[in-house]
Structure formats: C-alpha cells, structure tokens
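What you see below is based on every heavy atom in this structure, not just the backbone, and it leaves out hydrogens, waters and symmetry mates.
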Amino acid sequence: MDKIQSDCPYPGCFFCVMKEANPSRRRASVLKFFRELPSQDDDTHVLPISGLWNTAMAHPNDPEFINLGIFECMATLIWKGLKNRRWLAHDQNIYIPYYAAHIIGSYTMNMEEFAERAVRAGVIPPLVELLRGRLTWVEQRVAVRALGHLTTYPSTFPAVADHGEVLELAIQLASSSLEIGYSHFYQFVDRRLGYHCDLLTRGMGGAETESRKAEEWASQLQCWSLQLINCFAFKPEFLRDICKANFLVKLPGMWGGLVNENSPAGVGLLRTICQSKVGRGHVANIPGTIDALCNIARSSDDWQYMAVDCLIWLVQDANTCHKVIDKAAPTLIDLADISTLGDYKKLGDTIVTVLQECMQQSGNSCRTISTQTKAEIDELLRCKKSLKLEKSMPKEDLHIKQAAALVVKLEGNSLFSSGNIAGAAEKYSEALALCPMKSKKERVVLYSNRAQCYLLLQQPLAAISDATRALCLHSPVNRHAKSLWRRAQAYDMLGFAKESLLDAILFINECSQSNDPDLSLKQNKVPDYAQRLVKKQMRTTWLFREAALEHGGVHCEVDASDAFGQEADDSEWETASERDAESDARGEADDETEWKNHGHQDDFCEKS
C-alpha cells in the first residue's frame, strides 16, 4: 500500500486504493475512503465518484461496495450538496448529487437486499429533496429512478410511502416532465447549464446532440415517474390520489415516444389501475380514456395487450360494463380473430366469451346496451358458430363456398377498376359472407381490400376496423404490410398521429423483410410516400410539441432521416388516400396484385 501511495500525488486516491493486491487492506482502504470522502473539501471528488458510477452501471449486483458503506457515503454527499451551496458551486462538485443518486439507483435496481441496505443507510430523505426540485430537473430524473426501484420491493415500499409527498410529486412530474425538459433546457440553447450539457452528451456532441438527449431524458423522467406511481397503484389505499380525472385522461398520451418505446408508460399504469374494482370505477367515468384505450388496443405495438386487458376487465365488471360497452365492443370485435398476442393464448376466444357473457348479463339487467352494439355482438357470435359448423362440413362444400367467394371478389375487382368504389365494397362484403371462416388468408385479402375502399370513400373508421381484422387474421399477427399502410392512412385522416406513425414504421419494417417483389424496398430505399407520412407524424408527435406551442417556441423539424438514415422528401404532404382516390379509381384492377409507384397507386386487389 505504501508503495502505491508513493507513486501517486493524491494520498488515499480511490484508484490507487482499488489497485491494492491485498484483499484485507483493500477493503479497509475502501471503507476508510467512503467514510472520509463526504468531509473532504478538496477538488478530487468528481473523478472517483464518476468511476463509482461506471462500476455501479456495469456491476449493479456486486455486493463489495454495498458492504463497505457506499450508500451512507452517497446519501451524505447529496445532503452536502443540498445544504452547502458554496461547496456545490466549487470546481466540479455540481456533478456530485447527480452521480450519487444515480449510483444509489443502479445498486438498488435488481437486489432487494441492497435496497434494504440503502433504506437503512438513510438514502430516502435526500432523494426526496432532489425529487422536490431542490436542484434541477436532471437530478429529479435520477432521484425518481432510485425511488422507483425502492418502491418495487415489498420490504422497502413502506419506507418510501411514509414520505407522503412522493406520490404527489411523481404525479406532478409525470404530468409536467416534458414541459420541464423543454422550458428548462431545450428552449434556449444559450442558457443551457454547462454541467447539464456534459451529463447529457458525455462531452461528445454539440447542441443538436444535447437537444436529442434532452428529449430522451425528459421522456425518461416521465416514464420513471409513471413506474413509481405504478407501484403505489397496486395498493388500494393510494388509488383515490392517483385516479384524478385530469390525470387519468392524460395517461394514454404518456407513451414515451420513439426514444422510450419499450416503456409501459401511461397505458401500463392504466392496466394496473384497472386490475382493481375501485380503479375500474374511476377509469370507466373518463370517456376520453376509454376512446384512447380502444385506439391502443387496435395498435400493433407492445402496448396493445395492456389496452386489451383494460377493456376486457372493464367489460367483465358488472359495475362498469354498461358505461364502456358501446365504446369497447367494436374494438374487441375487431380483435376477436387474434389467436395469440404475446403471452396471451387464445385471446380471440376470451374476447368472444366476455362479450357473450355481457349479452347475457344485459338481458337480466335494466342497464341495457345499445341496439347497434347488440347487433354487432350477435353477428360475431354467428360467425363463431359458423366456424364450428364448418368443422363438420364436407370439404367439397367448403371448396364450393370458397370458389363462390372468389367469383364475387373478382366482380369487386372489376368494379373497383372501373371506379365504382362503393360497388366494390359491397362485393367484398358479399365475398366475406360467402368465404369460409377457416379460410383466413382469403379473408385477410377481402378485409384489406374493403379497407382500401373505405379509405377512398372517406370512411376512415370503417377502414381502421377492416384493416385491424385483416391484421388479426394474418399469420404472424399484425404483420400484413398493406393493411398496416391502409390503417396508417386512415389514422392520418382522423388526426391520430401516433397510431399512424407506428403503423407506417411497421409497414416499412415489413417491406424491408418481405420476399414479395411488389413490397420489398428497392435498393434498400424507403419509399418517398412512406417517408413523407413518417416525417409528418414525427413532427406532430414530437414530445416537446405541446410545450413548444405553450412557450411560443419554434416547432422542431424532426426529419424522417433521423429514423431511416437517409434524406427525406421535403415536398408538401398530400394524404395518400387523396392520391389513391385519384389514381386507383382510374387504374385497372388485377387480381395479380402489383403495387405501382411504390404503393400510392397500389392495384387494389390482392392475390387470394
């Protein structure tokens, strides 16, 4: 140890301590370092703490530093930064509370035992002070991350909950995090704090990189706040505080954006709330939230099953069914042909059973459902009954029905080619009535073709319904490229930018993997029409858009090239459905589908 110290200009240097070959001496030196570090006022704090930050990120399950007092050291350093602003402003000490809170969060991420040690070390009070905003939004981000980890464990949750303001602060942050990130950092480039810029980019990037990272960090502040709230939502005694109408209506819009697309975000919290009777009662009273859940349930993203769960539970609950059934039933009916969704097996069968039970309950209750909803559910039940009958039907009869459906479909193709879009839609409806329920590939084509008709007839809701049904029947689920594109256009017509964006991106992904020469990307180039739609929707769904409008900022020019690595078409956007209406109505339909001009003049009828 003496030899190492003699070669280093800083006695007791942490990095020299870590080089000690003798395990006992090393442990004793590290223990001494953690005890003495908070009381030292020299300029050597940041370097070892940044080293500890790297270690905690790389080895969060290593107990060595936990046993030697790292939590006590980090908690004391945060307090020191909060109470001694002169020390905090000296040299690079401004970085220390951020690193200290991040280290606590990393070491409590996976191990309940470590979390218990952290609580005993007194980390919660200083973290709560950071959460209150005693420093800046950057420290709030890592504080809510660490507290969120502590709330996930049964043994440490009560210690966090004892600080009653934590839940309220998390709700406030979830609601205002994007506005905070925009107004406190993004909006004024020349006013950005230097240490914020360094932390965001690690010194590797200019203002553009800082801005991009600020969007990501603001989204994380929101998502991590939601995860913390989610832990409270499992406890019935906290639901009244969480289920405020002005908060519930915002939850579906808290989606993390493309920078945090894997976060359960707002719909994940809604799913937790809907698991309880009290929670379902609150959610059912917010029509806007039910509408948003229906949109998410029809989507093709990772949040779909969460929204489906919410709708099923709301319909199953006799106290909420009558409030939501007229909104939820059309969506669930569209999804009734899904076989598997993630870990959800036989989802379609579950949906049919739930809707059938709802019909039976409505017959025994004064709380009736609408005539239209009853008719739609009856039609679904009739179709499922037909599917059962087909199992005992002779193959020859099934072939006759399939051939008849093909003839009617070709008639629809002819009508479409001649410009009779409404007539074509009727023919596809007739073909669907004839086509055997088990002929899934043929029904995918018919639903997708009829969806295109509805697009041209300016009936986007009907187009979304048919495109969704096609996607549910397709194998694999949600991977039928043409239906994704048609639904993306329909969502665009309704102004549902997020849903349109996600479908457009999935459409491009499918094209990139397709063996179909009509769908595969030419020279790995994203089609111009798809780039235009993605670019438009990325602008509209920009996470800071509302904050920028509120603060009078200039809207960010989010370029589709950010998503696809190439220059996007800057021409003025024209909706694809408008172009299709002009070109498809003039074109000739051919059952051997060819997507002319990369899809904007896609020959309507697919090969069955």
Side-chain angles (χ1 to χ4, degrees), residues 1 4-5 7-8 10-40 42-81 91-124 126-127 130 138-139 141-150 152-153 156 195 198-204 213 217 220 224:
M1 190 69 181
I4 294 174
Q5 288 180 337
D7 293 339
C8 181
Y10 301 104
C13 167
F14 175 75
F15 297 102
C16 292
V17 166
M18 294 303 295
K19 294 178 183 177
E20 171 60 56
N22 185 297
S24 298
R25 289 182 179 178
R26 182 173 180 265
R27 285 176 55 84
S29 298
V30 172
L31 179 63
K32 180 182 178 183
F33 176 83
F34 285 150
R35 286 177 177 173
E36 295 180 353
L37 181 63
S39 61
Q40 296 174 357
D42 55 36
D43 301 337
T44 61
H45 287 70
V46 173
L47 193 58
I49 291 178
S50 64
L52 289 169
W53 171 81
N54 277 307
T55 300
M57 289 284 286
H59 307 287
N61 300 335
D62 189 338
E64 179 182 14
F65 292 157
I66 309 300
N67 296 327
L68 297 176
I70 193 169
F71 287 136
E72 291 82 355
C73 179
M74 296 301 110
T76 305
L77 285 170
I78 294 174
W79 277 127
K80 187 173 183 178
D91 196 49
Q92 294 184 316
N93 291 341
I94 190 68
Y95 294 86
I96 290 175
Y98 171 88
Y99 279 128
H102 203 295
I103 288 167
I104 293 170
S106 294
Y107 276 124
T108 56
M109 184 166 48
N110 302 322
M111 308 290 286
E112 185 170 9
E113 178 187 351
F114 293 179
E116 293 170 355
R117 294 286 293 270
V119 170
R120 290 197 295 270
V123 303
I124 294 178
L127 289 174
L130 293 181
V138 168
E139 287 80 17
R141 170 180 167 272
V142 288
V144 77
R145 171 179 179 261
L147 289 167
H149 293 158
L150 294 175
T152 60
Y153 304 111
T156 54
Y195 88 98
D198 290 341
L199 288 172
L200 282 162
T201 66
R202 302 292 160 198
M204 300 177 65
K213 291 296 292 185
W217 278 30
Q220 288 173 345
W224 292 343

Going by side chain to side chain contact (heavy atoms under 4.5 Å, CB included), Gln92 matches just one of Asp198, Val46, Ile49. Which one? Val46

Over all heavy atoms of both residues, which pair between Pro38 and Leu77 is shortest? Give the atoms and the distance, please. CA-CD2, 3.8 Å

One should read off an interatomic distance between Thr55 OG1 and Glu64 CD, to the nearest 0.5 angstrom, of 9.5 Å

Hey, can you tell me if Tyr98 and Trp217 have their rings parallel, tilted or perpendicular (30° and 60° cut-offs)? parallel

Kindly determine whether Thr156 and Glu112 satisfy side-chain contact (heavy atoms from CB on, under 4.5 Å), including the steps that lead there. CA-CA 8 Å; Thr156 54; Glu112 185 170 9; 5.5 Å; no

So how far is it from Lys32 NZ to Arg25 CZ, rounded to the nearest 0.5 Å? 13.0 Å

Would you confirm whether the ring centroid of Phe114 sits within less than 6.0 angstrom of the ring centroid of Phe71? no

Do Ser106 side-chain atoms and Ile103 backbone N/O form a donor-acceptor pair below 3.5 Å? no

Which pair of non-hydrogen atoms, one from Leu199 and one from Tyr95, has the smallest distance, and what is that distance? CD2-CD2, 3.9 Å

State whether a side-chain donor-acceptor pair under 3.5 Å links Thr108 with Arg117. no

Decide if atom CD of Glu113 counts as having more than 12 heavy atoms of other residues, nucleotides or ligands within a radius under 6.0 Å. no

Does any part of the side chain of Leu31, heavy atoms only, come nearer than 4.5 Å to the side chain of Arg35, both counted from C-beta? yes

Approximate separation, where rounding is to 0.5 Å, of Leu68 CG and Arg26 CZ: 8.5 Å

With heavy-atom distances below 4.5 Å as the criterion, would you say the side chains of Tyr195 and Asn93 are in contact? no

Minimum heavy-atom distance between Ala75 and Ala121, given as atom pair plus value: CB-O, 4.3 Å

Non-hydrogen atoms of Ser39 and Glu36 that approach each other most closely: OG-O, 2.8 Å

Donor-acceptor pair, side chain of Arg145 and main chain of His102, under 3.5 angstrom: yes

Once you round to the nearest 0.5 Å, how far does CD of Glu116 lie from CG of Leu150? 10.5 Å

To check you understand the geometry: which heavy-atom pair defines the closest contact between Glu139 and Pro97, and what is its length? CG-CB, 4.5 Å

Of the non-hydrogen atoms in Pro48 and Phe33, which two are nearest, and what is the gap between them? CB-CZ, 3.8 Å

Could you give the distance from CZ (Arg27) to CZ (Phe65), rounded to the nearest 0.5 Å? 11.0 Å

Please walk me through it: do Tyr99 and Leu52 pass side-chain contact (heavy atoms from CB on, under 4.5 Å)? CA-CA 9 Å; Tyr99 279 128; Leu52 289 169; over 6 Å; no

Interatomic distance, Ile104 atom CD1 to Leu127 atom CG [nearest 0.5 angstrom]: 4.5 Å

